[in-house]
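In the text below, chain A, chain B and the rest are named by the order of the sequence lines, each starting its count at 1. This structure is a prediction, so every number in the text was calculated from the model and none was measured.
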Amino acid sequence: KWSVIMPTLIRSVGTNIPRVSKFRGISDGVILGADTRATDDMVVADKNCRKIHHIAPRIYCCGAGVAADAEIATQMMASNVELHTLNTGRPPLVAMVTRQLKQMLFRYQGHMGSSVIVGGVDVTGAHLYSVYPHGSYDKLPFLTMGSGAAAAVSVFEDRFKANMELDEAKRLVRDAITAGIFCDLGSGSNVDLCVITAAGAEYLRGYDRPAGKGKREGQYRYKPGTTPVLTKTQTPLSLDVVYETVQMMDTE
Amino acid sequence: MNTRGLRSQLKDSVPVAGLCPQGSYGIQDSLRSGFTSVKNELLPSHPLELSEKNFVLNQDKMNFSTLRNIQGLHAPLKLQMEYRAARQIQRLPFLQSSNLALDTLRGSDDTIGFEDILSDPAQSETMGEPHMMVEYKLGLL
């Protein structure tokens with residue numbers, strides 16, 4: 001199955017857009033997708049930020065919501081997963097990452113404002129989970145989160161089907177994220193993809209750049225004298241002295 | 001800050017610093033414990049303050065009660081005895097202990113939390129005066 005997620009991060013609390021879609025392909029896998037805009041209310045703070053974070057060699061995480069919370073949450077997950085792997089001697093499960101994440105987020109009762117989509121491949125197969133800031137989680141074939149979630153999920157609801165091919169799946173994820181980039185103010189810039197299969201993970205940074213800077217078509221400067229002056233009138237303003245004060249300067 | 005919601009966390013009996021000061025001669029030890037504020041003692045300044053302050057305690061209580069239900073009373077009793085012993089292993093007064101034995105008993109030696117990343121005592125900008133702290137600990141000051 002292919003899963004795609006696209007998160008949008010923000011510096012302060014605000015909208016974000018992650019999108020996720022999952023597809024069943026020839027080889028089971030997960031596709032995570034994200035845009036690259038980080039906003040501070042209505043100002044773009046980072047035009048090309050990374051929203052797909054590495055947790056384990058075959059588990060990646062898209063963080064949406066408050067950028068700092070998502071960043072620290074995913075870094076702590078990565079550290080704990082590494083310690084756990086060293087402790088048990090086994091590769092980590094996606095369910096384990098989800099459980100630790102949801103326990104941590106529930107402990108902070110939603111004050112840690114990071115919604116996270118965890119996707120990866122482990123010994124039991126490909127999985128996709130979404131965890132909300134208050135600690136609830138979902139396990140679905142495709143998931144979207146963030147401010148552009150509605151725009152992205154509409155693309156998935158329309159075109160998602162089970163057992164897709166890799167290229168078709170990547171195109172669908174790209175289209176979903178592009179829908180968010182164009183239809184939501186909190187998402188923008190480029191599309192990042194991360195394709196995870198049992199063989200490994202492939203992080204495609206800047207997979208697509210739909211919102212590039214346009215090219216100026218022509219010259220917009222006007223020559224001096226383009227607008228002719230028809231008439232000119234001068235009206236002097238008569239001002240009377242109403243009030244006069246003298247203030248001594250302290251020169252001593 | 002909305003204090004109305006936090007009033008629900010107000011306890012019936014809360015130790016108020018002004019009434020039972022910890023300093024000698026029965027007065028508030030401003031040098032060591034800072035100024036008093038009755039509001040700070042009664043109301044928490046963040047919705048999560050109380051739950052975070054008691055988090056480890058509540059987790060231990062939950063684990064002990066589960067252990068008692070599964071294995072009987074002897075299991076938590078023996079474990080609590082080991083906790084008590086491990087808590088007494090400390091360094092000199094001005095040096096922060098790593099609490100390795102306590103962490104191992106609790107099982108938190110293979111997890112990383114915010115207490116390990118933030119406010120690392122090894123990287124704090126201030127340090128207590130070693131001689132004064134040892135004398136205070138021994139009661140000579």
task = Take A:Gln75 and B:Ile117 through the test side-chain contact (heavy atoms from CB on, under 4.5 Å) and record every step on the way to the result.
result = CA-CA 11 Å; A:Gln75 278 177 357; B:Ile117 307 171; over 6 Å; no
Reported CG-to-CE distance for the pair B:Leu48 and A:Met112, which is rounded to 0.5 angstrom = 11.5 Å
ask   = So, for B:Asp110 and A:Asn80, which heavy atoms are closest and what is the spacing to 0.1 Å?
value = O-OD1, 4.4 Å
Over 12 non-hydrogen atoms of neighbours within 6.0 angstrom of NE2 in B:His131 = no
request  = Return the minimal non-hydrogen interatomic distance between A:Ile72 and B:Phe114, and the atom names on each side.
outcome  = CG1-CE2, 3.6 Å
message = Can you confirm whether A:Tyr207 is buried at OH, in the sense that more than 12 heavy atoms of other residues, nucleotides or ligands lie under 6.0 Å from that atom?
response = yes
task = For A:Tyr137, look at atom OH and say whether over 12 heavy atoms of other residues, nucleotides or ligands are found less than 6.0 Å away.
result = no
inquiry  = Taking the side chain as everything from C-beta on, heavy atoms only, tell me whether A:His111 gets closer than 4.5 Å to B:Pro47.
reply    = yes
inquiry  = Taking atom CZ as the centre, does A:Arg205 end up with more than 12 heavy-atom neighbours from other residues, nucleotides or ligands that are less than 6.0 angstrom away?
reply    = yes
task = Look up atom OG1 in B:Thr111 and atom CG in A:Asn87, then write down how far apart they are to the nearest 0.5 Å.
result = 10.0 Å
ask   = If you tally heavy-atom pairs under 4.5 Å against chain B, which of A:Arg107, A:Met76, A:Gln109, A:His84 wins?
value = A:Arg107
